[in-house]
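Some notes on the structure that comes next.
Everything quoted here is computed from the prediction, not taken from an experiment. Only heavy atoms go into these numbers, but all of them, side chains included; no hydrogens, no water, no symmetry mates. One-based numbering, in listed order, for ligands and for the atoms of each.
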Amino acid sequence: MALLSTTDFPHTIKKNDSFSHGRIDLHSHTHCSDGSLSPQSLIDRAVNYQISVLAITDHDTIAGFDIAQEYILEKNIPIKLLSGIEISTAWQGFEIHIVGLNVDVKHNALQQLIVNQQQAREERAISIGEKLAKCGFPNAYNDAKKLAAKGSITRAHFAKVLFQQGHVGTMQKAFDQYLGKKGRNTQRAYVKPNWCTIEQAIEAMHAAGGSAVMAHPIRYDLTAKWLRRLIVHFKEYMGDGLEVVLPQMNPQQRQIMLNYCLEYNLHASMGSDFHHPNKWSDLGRNLTLPDGAKPIWALWN
Ligand code: AMP
Ligand code: MN
Ligand code: MN
Ligand code: MN
């Protein structure tokens, strides 16, 4: 493999880069967190799906970016890779995901935030392992750690272990019975994580020259009142945009998100949140911003 200096890698989208051709997908995962594909396989799949701009947004890590970018340069693949990350934050007892886009992956503030988040992940994983041991699964931590390899360890790894070992019928059941939290209702192996705040995530993304987007606002099970509070808080701390288009969203939900964007002067982003090939969603599928939305990439032009 050709060895390239990291300074050869374009970290950011530059002024006048064209976004007018092909599909755009600004939310995806690799095996550097809880996705199943390597960064290289994700790039191959994105090219097959005619994607021209892709952001890899793994949970609390940017490890996939350099690997994917090196592969793109080595094979001369016609795709624009955007740096990205999905940071887990804590807000009012909810876990809110903030996607950072077009960040300088080498920036100190971002690197430091990642170190802290990885430590929170590791500590939580150990506690989850202890709780699962009490439920009769003594090796869950070691098995999940093995699955995560050098990547971010997530609850999805624990869910996969429980599923693969036949303790639950589906990964969703692992969340429903052991790992999940629904409102105040926590399951047997739920552990409160020690994530950073929304403002810390936004601040690090901005320090690294990027934009902060609230990931999948519809997926937090919030009432309309709480969702508005969340968006007000996000805007107050200089958040840049909302994910307005996701594959699972219906037109009405999309319209609601667009209205929030217009009301709070936020930009709009879109992404598949691709983790692994499945029937219901795939990279770049059905992603088009509605009329009237200000695209997040307008901030970089
Ligand atoms: P973590 O960030 O470690 O809390 O892991 C959460 C990840 O597990 C999410 O990013 C999803 O990819 C995955 N997941 C799958 N089903 C669920 C569920 N029912 N609740 C929460 N996370 C889920
Ligand atoms: Mn995930
Ligand atoms: Mn998420
Ligand atoms: Mn995601």
>> On a heavy-atom basis, which atom in Tyr220 and which in Ala215 lie closest, and how many Å separate them?
In response: OH-O, 2.7 Å
Holding to side-chain contact (heavy atoms from CB on, under 4.5 Å), I want the full list of residues that pass it with [X], two or more places apart in sequence or in another chain.
X      : result
Lys294 : Asn265, His267
Ser281 : Pro247, Asn278
Phe94  : Trp91, Gln92, Ile96, Leu222, Trp226

> What is the number of protein N, O or S atoms that sit under 2.8 Å away from the Mn ion (ligand 4)?
Replying inline: 4
>> Is it the case that the side chain of Ser88 and the backbone of His97 share a donor-acceptor pair, with hydrogens and angles ignored and the cut-off at 3.5 Å?
In response: no
>> For the OG atom of Ser38 and the CD1 atom of Ile43, what is their distance to the nearest 0.5 Å?
In response: 9.5 Å
> Which atom, among the N/O/S set of Asp34, is closest to the Mn ion (ligand 2)?
Replying inline: OD2
